[in-house]
Amino acid sequence: MNNQLVTLPALTRDGVFLARYSETGLAELEFPKPNPGKPFQLRALDGASRRLLPGDIRQWHRITTAALKSVLAGRAAKSLPPLDWTGKTEFQQAVWREMLKLGPGKTKSYGEIARAIGKPKAVRAVGGACGANPIPVLVPCHRILAANKLIGGFSGGIERKRAMLKREGIEI
DNA sequence: GACAGATGAAGGA
DNA sequence: TCCTTCATCTGTC
């Protein structure tokens, strides 16, 4: 079995995200590391390595970068690359699919997501699935708030979540 | 099998 | 109101 992932940098206004692709699509997205004064090492995939990339991945990466920029600017992504959720549970995928339905400026609570997937009591489990989301930003876990409209948590940091919501016109 | 968790709701002060 | 407690469900180790 070949689970090797191809890692590519996605340059955005918020820094350099790292996108990891499998043979079937975007598998992971990593937030920019706080690494001031040392720009991301694009060398890692320059030259010959880049030429070895399958055409599909190059195209997915263009879509991913464009989608990232749109979402970070508070707009809806025009399109998304295929997402590779291989190995993830049905429950997690259901939660993430539900989050994908949320447009910019729209939020739901953990409880609402739980009800939407037909498991109204699985609110804590929804929180767990959010935390396990391998593709933040594109799968908009930042649009999920606690029932009292508090910000809840965020794997990429509460401040990042607050900033992204603010760009979409939501003040917490 | 036990435990932890990005919650929610209910009850008491 | 605000705070505390507990029920619930799922994932991970």
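In the text below, chain A, chain B and the rest are named by the order of the sequence lines, each starting its count at 1.
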Undergrad: Does A:K88 reach the side chain of A:P134, with side-chain heavy atoms less than 4.5 Å apart?
TA: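 A:K88 reaches A:P134 side chain to side chain.
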Undergrad: Expressed in angstrom and rounded to an integer, what is the separation of A:N148 atom CG from C:dC3 atom C1'?
TA: 13 Å
Undergrad: Atom CD1 of A:I113 and atom C1' of C:dT10: how far apart are they, to the nearest Å?
TA: 16 Å
Undergrad: Counting side-chain heavy atoms from C-beta on, which of B:dT7, B:dG8, B:dA6 comes nearest to A:A147?
TA: B:dG8
Undergrad: Tell me whether A:L18 is reachable from A:I63 by hopping between hydrophobic residues (I, L, V, M, F, W, Y) whose side-chain heavy atoms are closer than 4.5 Å.
TA: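 Different hydrophobic clusters.
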Undergrad: Does A:K119 make a side-chain N or O approach to OP1 or OP2 of C:dT10 shorter than 4.0 Å?
TA: yes
Undergrad: State, with a plain yes or no, whether a side-chain heavy atom of A:K108 is found less than 4.5 Å away from one of A:P140.
TA: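 Counting from C-beta outward, A:K108 and A:P140 never come under 4.5 Å.
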Undergrad: Reckon A:G128 touches a base, only the sugar-phosphate, or nothing at all at heavy-atom distances under 4.0 Å?
TA: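 Since no nucleic acid heavy atom lies under 4.0 Å of A:G128, the category is nothing.
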Undergrad: What I want to check is whether the side chains of A:Y21 and A:T7 have a donor and an acceptor closer together than 3.5 Å.
TA: no
Undergrad: Applying a 4.0 Å non-hydrogen cut-off, can you work out what A:A125 is touching in the nucleic acid: base, sugar-phosphate, or nothing?
TA: base
Undergrad: Which is true for A:S155 with a 4.0 Å heavy-atom rule: it touches a base, it touches only sugar-phosphate, or it touches nothing?
TA: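 It contacts base atoms.
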Undergrad: Of A:A129 and A:V123, whose closest DNA chain C nucleotide lies nearer the 5' terminus?
TA: A:V123
Undergrad: Rounded to whole angstrom units, what separation is found between the CZ atom of A:R162 and the C1' atom of B:dA6?
TA: 14 Å
Undergrad: The side chain of A:K161 is closest to which nucleotide in this list: B:dA6, C:dC9, B:dG8?
TA: B:dA6
Undergrad: What is the separation between atom CZ on A:R124 and atom C1' on C:dA7, rounded to the nearest whole Å?
TA: 10 Å
Undergrad: In this structure, how many angstroms lie between the P atom of B:dA6 and the CE atom of A:M99, rounded?
TA: 14 Å
Undergrad: Could you tell me whether A:Y110 contacts a base, only the sugar-phosphate backbone, or nothing, with contacts defined as non-hydrogen atoms closer than 4.0 Å?
TA: base
Undergrad: Would one find a side-chain N or O of A:Q92 under 4.0 angstrom from OP1 or OP2 of C:dC9?
TA: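 For A:Q92, the contact criterion (side-chain N or O under 4.0 Å from OP1 or OP2 of C:dC9) is not met.
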Undergrad: CZ of A:F91 versus P of B:dG5: gap in Å, rounded?
TA: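 In whole Å, B:dG5 P lies 17 Å from A:F91 CZ.
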Undergrad: Measure CG/A:L150 against P/C:dC2 and give the value in whole Å, please.
TA: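 It is 11 Å, rounded to the nearest whole Å.
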Undergrad: For the pair made of CG in A:N133 and P in C:dT10, what is the distance, rounded to whole Å?
TA: 19 Å
